[in-house]
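One is the number of the first residue; the rest follow in order along the sequence. In what follows, every heavy atom counts, from backbone to side chain, and hydrogens, waters and symmetry copies are set aside.
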Amino acid sequence: MALSQRAAPGSLARSGAASRPAFGSRIGSRRPLAVVARDYPRPAFDSAETFQEAQALSTKLKNAPRPAKPLKVAIVGGGLAGLSAAKYLADAGHKPLVLEGRDVLGGKVAAWKDKDGDWIETGLHIFFGAYPNMMNVFRELGIEDRLQWKEHSMIFAMPDSPGEFSRFDFPDIPAPLNGVVAILSNNQMLTWEEKIKFAIGLLPAIFGGQQYVEDCDSLTVTEWMASRGVPPRVNEEVFIAMAKALAFIGPDELSMTVVLTALNRFLRETHGSKMAFLDGAPPERLCQPMVDHFTKLGGELRMDARLKRIELADDGSVAALELVGGERVEADLYISAMPVDIMRLMTPDPWSSMPYFEKLNGLEGVPVINIHIWFDRKLTTVDHLLFSRSPLLSVYADMSTTCREYADPDRSMLELVFAPAHEWIGRSDEDIMAATMKELERLFPTEIAADGSKAVVRKSVIVKTPLSVYTALKGRQAYRPSQRSPIPNFYLAGDYTMQRYLASMEGAIFSGKLVAEAIVEDVNKGGRPETLAKIGGGARPAALAAA
């Protein structure tokens, strides 16, 4: 049977997400695959510059001067961005109040149990070693053991060789040599000439740093490859799968900044491309510990607290938040951690002509479909990430092998991302399942048949998210707002706001941390005197900025 779940706008992850090989009979070298459910030790990424920078910011917020009067900060949205903002504001001595409109935490990483007690996830979420702020959160909360680290490899399906996969194995040597060896050692997907031209094309990304990465926002992935002399087959063999995994759209549309951001971290950090699965559902295993942390410090979480409108004072600042049902919530400061599409709808009319808020019109969520399929038997699986290289499927995992809470020694549960989904988001669940099973039959003919004559589908659930992370077309960087708005007591958090990790779980966590830093600086160091005046800081109110 097919059960359809439709998530609220902005509720699917881009986590830098991917998934794992579901099943198959052989990988590149023609050696048989075996079911291997082995977790690897936590990577030693503590020495990475990015991890230390993230750690330093955490320390800065925790050791910030204690405010004479802790401020009440209302945060709209209980996803990773809102929960991160609440955690770090509480660390800095303030009192966050998180207002979540639904009855489940997590936003784009939300999950819930169905009537059978099975977890249904909004998206498939992978945690990378190159997520320094996320890794610091796990450490600070004392839950690092909840990450199940996998072998340092990337695995791609071979569409022209059904049932086979091709691996990029990273040796245990420093970056970027480990990435170079991984690419050069794979002789199935690219020729030597293609690999050399690809490597030469990537040199500016490796040595040009963040500025080069951001400058490439003017190019799509396909345009960048042409400008760098990278053979078109690299696009067909690698970048189509990578683009879909990173942003749910193809390389002809995706900004090269997105791909270079990932490659820059993967190639420059020894452990950056290592991947982990959470050992259970994100709301329980990650979100709830964040809530426990800030509520212990005096913060508060309210579920089913849906925003109706932002009420303005006479001077255009925020006076209060009106919730559905009529309740009015007042605070000293306010943060929107809502998805960009919802924030755009909630923007008060007097703000809409300000350039800061006008920019939001250039950001729109991408449609995503997440599929869960329970089979009647254990499929031949490998405990790792798999890029499907399918026209319809992006990435997937056999969660019964990769995730401790979902473990089942006798039967498999596949979780798959269906992308790009523009042409499918309005189609029926039956159509989507039929197309998915056809793709699985083509990729894994020995175990899956579209007519159900081989592995039998016990149950399937389809989660549709019409508007997820912002569509990362070229030129979108210019539309991403900073965390400080021109409104003196109003801030923005969310993976769409400006930070260097783009639309991902890391980006969401980092944005919440950055907004906490902005508030701490503005309040404790007098950076925004108009705000201090409103909360009794003694400074003279300033006129609202127009940009």
Asks: Within the 4.5 Å heavy-atom criterion, are Met343 and Leu360 side-chain neighbours or not?
Replies: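 In short, these two side chains touch, coming nearer than 4.5 Å.
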
Asks: What about the rings of Tyr131 and Phe510, do their centers lie closer together than 6.0 Å?
Replies: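 Centroid separation for Tyr131 and Phe510: 6.0 Å or greater.
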
Asks: For Thr401 and Asp383, which I'm curious about, is there any donor-acceptor pair between the side chains at under 3.5 Å?
Replies: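 No, because no side-chain N or O of Thr401 sits under 3.5 Å from a partner of the opposite role on Asp383.
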
Asks: Just say parallel, tilted or perpendicular for the rings of Phe45 and Phe51, cut-offs at 30° and 60°.
Replies: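 Plane angle between 30° and 60°, so tilted.
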
Asks: So how far is it from Ile425 CD1 to Phe418 CZ, rounded to the nearest 0.5 Å?
Replies: 9.5 Å

Asks: Using residues 195-204 as the side-chain source, report each donor-acceptor pair under 3.5 Å to any protein atom, sequence neighbours left out, with the distance given to one decimal.
Replies:
{"residue": "Lys195", "atom": "NZ", "partner": "Leu184", "partner atom": "O", "Å": "2.8"}
{"residue": "Lys195", "atom": "NZ", "partner": "Asn186", "partner atom": "O", "Å": "2.9"}
{"residue": "Lys195", "atom": "NZ", "partner": "Asn187", "partner atom": "OD1", "Å": "2.7"}
{"residue": "Lys197", "atom": "NZ", "partner": "Glu193", "partner atom": "OE2", "Å": "3.1"}

Asks: Give, for atom OG1 of Thr50 and atom CZ of Arg500, the distance between the pair rounded to the nearest 0.5 Å.
Replies: 7.0 Å

Asks: Using the side-chain contact (heavy atoms from CB on, under 4.5 Å) criterion, which residues pair with Ala281? Sequence neighbours excluded.
Replies: Ala111, Trp119, Pro283, Tyr406

Asks: For the residue pair Met135 and Leu147, establish whether any side-chain heavy-atom pair is separated by less than 4.5 Å.
Replies: yes

Asks: Suppose we screen for salt bridge (charged side-chain N to carboxylate O under 4.0 Å, His left out). Which residues come up paired with Asp431, at least two apart in sequence or across chains?
Replies: Arg427

Asks: Can you tell if the side chain of Met433 reaches within under 4.5 Å of the side chain of Ile371, non-hydrogen atoms only?
Replies: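 With C-beta onward as the side chain, the pair touches.
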
Asks: Would you check if the side chain of Asp341 reaches a backbone N or O of Gly365 as a donor-acceptor pair within less than 3.5 Å?
Replies: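 Side chain of Asp341 to backbone of Gly365, a donor-acceptor pair under 3.5 Å: yes, one is there.
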
Asks: Is the shortest side-chain N to carboxylate O distance from Arg167 to Glu151 below 4.0 Å?
Replies: yes

Asks: List in chain and number order the residues that pass side-chain contact (heavy atoms from CB on, under 4.5 Å) with Ala449, two or more places apart in sequence or in another chain; answer none if no residue qualifies.
Replies: Glu441, Asp451, Ser453, Lys454

Asks: For the residue pair Pro391 and Arg442, establish whether any side-chain heavy-atom pair is separated by less than 4.5 Å.
Replies: yes

Asks: Sub-3.5 Å donor-acceptor pair from the side chain of Glu284 to the main-chain atoms of Gly280, do we have one?
Replies: no

Asks: Sub-3.5 Å donor-acceptor pair from the side chain of His125 to the main-chain atoms of Gly123, do we have one?
Replies: yes

Asks: Does the side chain to side chain donor-acceptor pair (under 3.5 Å) test come out yes or no for Asn370 and Glu415, once each step is laid out?
Replies: CA-CA 7 Å; Asn370 200 53; Glu415 191 170 334; 3.0 Å; yes

Asks: Contact between Leu467 and Val366 at the side-chain level, heavy atoms closer than 4.5 Å - yes or no?
Replies: no

Asks: Can you check side chain to side chain contact (heavy atoms under 4.5 Å, CB included) on Arg458 and Asp376, steps first, answer last?
Replies: CA-CA 6 Å; Arg458 298 167 45 231; Asp376 69 338; 4.0 Å; yes

Asks: Taking C-beta and beyond as the side chain, do Val395 and Lys244 meet within less than 4.5 Å on heavy atoms?
Replies: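 Of all side-chain heavy-atom pairs linking Lys244 with Val395, none is under 4.5 Å.
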
Asks: About how many Å separate OG of Ser394 and CG of Leu386, when rounded to the nearest 0.5 Å?
Replies: 10.0 Å

Asks: Working to the nearest 0.5 Å, report the span between CD of Glu100 and SG of Cys287.
Replies: 9.5 Å

Asks: Determine whether Met242 and Ile240 satisfy the following criterion, side chain to side chain contact (heavy atoms under 4.5 Å, CB included), listing intermediate values before the conclusion.
Replies: CA-CA 6 Å; Met242 183 174 289; Ile240 290 177; over 6 Å; no

Asks: Is a side-chain donor or acceptor of Ser153 paired with a backbone partner of Asp169 at a separation under 3.5 angstrom?
Replies: no

Asks: Please list, chain by chain and in numerical order, all residues satisfying side-chain contact (heavy atoms from CB on, under 4.5 Å) with Glu253, sequence neighbours excluded.
Replies: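 Expected list: Ile249, Leu473.
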
Asks: Check Arg285 with Asp279, please: is the shortest side-chain N to carboxylate O separation under 4.0 Å?
Replies: yes

Asks: Measuring from Glu439:CD to Ile448:CD1, what's the distance to the nearest 0.5 Å?
Replies: 13.0 Å

Asks: Is there side-chain contact between Leu393 and Thr436, with at least one heavy-atom pair below 4.5 Å?
Replies: yes

Asks: Could you label the plane-to-plane angle of the Phe387 and Phe156 rings as parallel, tilted or perpendicular, counting under 30° as parallel and over 60° as perpendicular?
Replies: parallel

Asks: Tell me every residue that passes side-chain contact (heavy atoms from CB on, under 4.5 Å) with Ser218, counting only those two or more places apart in sequence or in another chain.
Replies: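 Testing Ser218 for side-chain contact (heavy atoms from CB on, under 4.5 Å), a comparison that skips the adjacent residues, returns none.
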
Asks: Let me see the working for Arg480 and Thr497 under side chain to side chain contact (heavy atoms under 4.5 Å, CB included), right down to the final yes or no.
Replies: CA-CA 5 Å; Arg480 300 176 70 196; Thr497 61; 5.9 Å; no

Asks: Over 60° means perpendicular and under 30° means parallel, so classify the ring planes of Trp374 and His372, tilted if in between.
Replies: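 Aromatic pair His372/Trp374 classed parallel.
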
Asks: Starting at CG of Leu105, measure out to CE of Met290 and round the result to the nearest 0.5 Å.
Replies: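 One finds 10.0 Å between CG of Leu105 and CE of Met290.
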
Asks: Show the numbers, then the answer: is there a salt bridge (charged side-chain N to carboxylate O under 4.0 Å, His left out) between Lys464 and Asp429?
Replies: CA-CA 9 Å; Lys464 295 180 178 179; Asp429 293 348; 3.7 Å; yes

Asks: Backbone N or O of Leu392 within a donor-acceptor pair of the Ser390 side chain at under 3.5 Å?
Replies: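 Flag set: sc Ser390 to bb Leu392 pair under 3.5 Å.
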
Asks: Would you check, one step at a time, whether the test side chain to side chain donor-acceptor pair (under 3.5 Å) holds for Asp252 with Thr220?
Replies: CA-CA 6 Å; Asp252 292 339; Thr220 67; 5.8 Å; no

Asks: Can you run down the salt bridge (Lys or Arg N to Asp or Glu O under 4.0 Å) pairs that involve residues 123-139, sequence neighbours left out, and say none if there aren't any?
Replies: Asp46-Arg139, Arg139-Glu144

Asks: Do you know the tightest heavy-atom contact between Glu214 and Thr257?
Replies: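 The pair with the smallest heavy-atom distance is O-OG1, 3.7 Å.
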
Asks: Output all residues satisfying salt bridge (charged side-chain N to carboxylate O under 4.0 Å, His left out) with Asp408, sequence neighbours left out; order by chain, then residue number.
Replies: Arg411

Asks: Under 4.5 Å between any side-chain heavy atoms of Phe168 and Met189, yes or no?
Replies: yes

Asks: Ring centroids only, cut at 6.0 angstrom: are Tyr479 and Tyr470 within range, meaning strictly under it?
Replies: no

Asks: Which residues pass the side-chain hydrogen bond (donor to acceptor under 3.5 Å, both in side chains) test with Thr270, not counting sequence neighbours?
Replies: none

Asks: Among residues at least two apart in sequence or on other chains, which ones pass salt bridge (charged side-chain N to carboxylate O under 4.0 Å, His left out) with Asp292?
Replies: none

Asks: Can you sort out the partners of Phe138 under ring pair (Phe, Tyr, Trp, His ring centres under 6.0 Å), two or more places apart, ordered by chain and number?
Replies: Phe127

Asks: Charged N to carboxylate O below 4.0 Å: is that the case for Asp114 and Lys459?
Replies: yes

Asks: Applying salt bridge (charged side-chain N to carboxylate O under 4.0 Å, His left out), can you list everything that pairs with Arg233, at least two apart in sequence or on another chain?
Replies: Glu194, Glu237

Asks: Between the side chains of Asp39 and Lys150, is the shortest nitrogen-to-carboxylate-oxygen separation below 4.0 Å, so that they form an ion pair?
Replies: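 Yes.
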
Asks: Atom CG of residue position Asp172 - does it have more than 12 heavy atoms of other residues, nucleotides or ligands inside 6.0 Å?
Replies: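 It does not: Asp172 CG has 12 such atoms or fewer within range.
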
Asks: Does a side-chain N-to-carboxylate-O contact under 4.0 Å join Lys474 and Glu223?
Replies: yes

